[in-house]
Amino acid sequence: MSKLRVRFAPSPTGFLHVGGARTALFNYLLARKSGGAFVLRIEDTDVARSTQESVDAILEGMHWLGFGCDEGPIYQSDRFELYGQKVKHLLEQGKAYRCYCSAEELQSKRDQAMADGGKPRYDGTCRDLTAAPEGRPFVVRFRSPREGSTVFDDIVKGPISFENDELDDLIIQRTDGTPTYNFVVVVDDADMQIDPVVRGDDHINNTPRQILLYQALGYPVPRFAHVPMILGPDKSRLSKRHGATSVMAYRDMGYLPEAMVNYLVRLGWSHGDDEIFTMDELIEKFSLENVGRSAGVFNPEKLLWLNAHYIKSGDPERLGTLLVDYLRSAGIDQSSGPELPAVARSLQERSRTMVEMAEDAAFYFCSEPEFDDATVMKFFTKENRSVIESLMRHLNNCSELTHESIEGAFKEAMEETGLKMGKLAQPARAALSGGSAKPGIYDILEVLGREESLRRLNRSLAFFS
RNA sequence: GGUCCCUUCGUCUAGCGGUUAGGACACCGCCCUUUCACGGCGGUAGCACGAGUUCGAUUCUCGUAGGGAUCACCA
């Protein structure tokens, strides 16, 4: 595959949402696969709505997901001079013209057209103006051809065609002299030699105008790949009301970036029946040819399943490191207690999110667990006292608590008491954790260690009837 | 409303003229079992509709219906 230059071009008016993240991912994979360049371009021509906080949030999201860019971030606000030159050229060539209609006039014309059942488009009032009014504010409009049609062969959607007379003369420069999106996106994609342009299919309707602009500017027209949108459960465009849409919100909810990447890539793309992909596999296997044409519903359940999968198969050392922040957020004092990797290892098979893991790890860090009435009633009975004592004796004989030594102790205790595993494990679990802690009982003992385990068991004795 | 796009289980999807329509999430049942999970096995469930083309349509064409996007001095 030849080297591709692709880009992700978010506008800094909010955080990185899952839709944008997927678009970024597709572009990133294409660049990595081809050994080409992934350009990050910040579309901040709307100075009023763009914020540095948003830029930072987007960068943070990209970093978390592991999408490193090769060029950028490039800010369009740094390139106004270039856009100004291009506008000037179009003006000189008569391919653009000044329009003196005010925003209010335009709006009322649109409203009128709508009321008459017509199309809300610019009527061309200033298109052929010969005498320019003096000193009045103006915008610059692109002189769009009124005949013919514009067609392109979308890489994912196939052939798409528009009649040119459906397109009106779009504004390329505002009254304040700043350029607008449809213009700068063309100048930049051409200037940065982006090909293919991979973006959300909400841009399909902009594409014919942009193609006309490429041609007017004398640029070669790139290929386009419009990827389907991500919808909410009600099939409407995914938004806040559907729940979390910010990528970083998922980190906060205990999701791993690889789970998010894996989920996002499968939403709209497939590789046979495969479900699990490492980033390296994605780079090797991803291709636009296998991107579907239809929109997809964001399914949190499947994301959760993938997250559980990655936690389950994750490196305990890493999970332990990640756990630090989640424990802190859960208000758990981790200053003393077991080693985090060991904690993570004991819980990774049963945690679907890191938040769950932190919550389920709480008992490890609570040296004096509270016993509720139900627990006392059920497990701390007269008969069970001897059970715990028996277990303590055999545990005490172990020099160190390992899976083997613990198993041995349990066997001996079972023999001594004549009880089955269940009768032994449950009271012990309650005594050690204060309730029905999730890890296997051997794991709890092993992670807690000999001294702490015996201390907790001994302490529980006081609560027996 | 105009334009454009889309349409296989509830959801994500495989399928690229002939298949018992496959997989995954979710759901249900059974097994495993020291709690909870994991895991294993099995199951429910789908080609929107109507015409064509064809010996044969989920697959190709055209309609219909439904859904979505877009029609800014936002991007």
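Keep in mind that the numbers below use all heavy atoms, side chains included, and drop hydrogens, waters and symmetry copies. Residue numbering restarts at 1 for every chain, and letters A, B, ... go by the order of the sequence lines.
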What one should report as the nearest heavy-atom pair of A/Asn182 and A/Leu170 is CB-CD1, 3.4 Å
Could you report the tightest heavy-atom contact between A/Ile444 and A/Tyr364, atom names first, then the distance? CA-OH, 4.1 Å
Can you find a donor-acceptor N/O pair under 3.5 angstrom joining the side chain of A/Thr175 to the base of B/C73?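 In this structure, the two groups form a donor-acceptor pair.
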On a plain distance test, is the side chain of A/Asn206 in donor-acceptor contact with the base of B/A75 below 3.5 Å?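 By the distance-only test, yes, there is a pair.
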Gap between atoms [atom1] and [atom2], on [X] and [N] respectively (whole Å):
{"X": "A/Leu213", "N": "B/A75", "atom1": "CG", "atom2": "P", "answer": "14 Å"}
{"X": "A/Tyr263", "N": "B/U13", "atom1": "OH", "atom2": "C1'", "answer": "11 Å"}
{"X": "A/Ile276", "N": "B/U13", "atom1": "CD1", "atom2": "P", "answer": "16 Å"}
{"X": "A/Lys109", "N": "B/C71", "atom1": "NZ", "atom2": "P", "answer": "20 Å"}
{"X": "A/Phe277", "N": "B/U13", "atom1": "CZ", "atom2": "P", "answer": "12 Å"}
{"X": "A/Trp269", "N": "B/A14", "atom1": "CH2", "atom2": "C1'", "answer": "13 Å"}
{"X": "A/Leu231", "N": "B/C5", "atom1": "CG", "atom2": "P", "answer": "18 Å"}
{"X": "A/Glu359", "N": "B/A37", "atom1": "CD", "atom2": "P", "answer": "15 Å"}

Report yes if at least one side-chain N or O of [X] is closer than 4.0 Å to OP1 or OP2 of [N]; otherwise report no.
{"X": "A/Arg110", "N": "B/C73", "value": "yes"}
{"X": "A/Lys235", "N": "B/U11", "value": "yes"}
{"X": "A/Thr45", "N": "B/A75", "value": "yes"}
{"X": "A/Arg49", "N": "B/A75", "value": "no"}
{"X": "A/Arg237", "N": "B/U70", "value": "yes"}

Per the side chain to side chain contact (heavy atoms under 4.5 Å, CB included) rule, which among A/Asp169, A/Asp168, A/Thr150 passes with A/Arg209? A/Asp168
Summarise how protein sits on nucleotides 22-35 of chain B as a single string, 5' to 3': B when a protein heavy atom is under 4.0 Å from the base, S for sugar-phosphate-only contact, - for no contact. BBBSS-------BB
Tell me, please, which residues at least two apart from A/Asn206 pass side-chain hydrogen bond (donor to acceptor under 3.5 Å, both in side chains). A/His203
Considering residues at least two apart in sequence or located in another chain, which fulfil the side-chain hydrogen bond (donor to acceptor under 3.5 Å, both in side chains) criterion with A/Asn299? none
With the side chain of A/Val297 defined as its heavy atoms from C-beta on, choose the nearest nucleotide among B/U11, B/C4, B/U7.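 The answer is B/U11, which lies nearest to the side chain.
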Side chain of A/His203 only, heavy atoms from C-beta on: which candidate in B/C38, B/A75, B/C5 is closest? B/A75
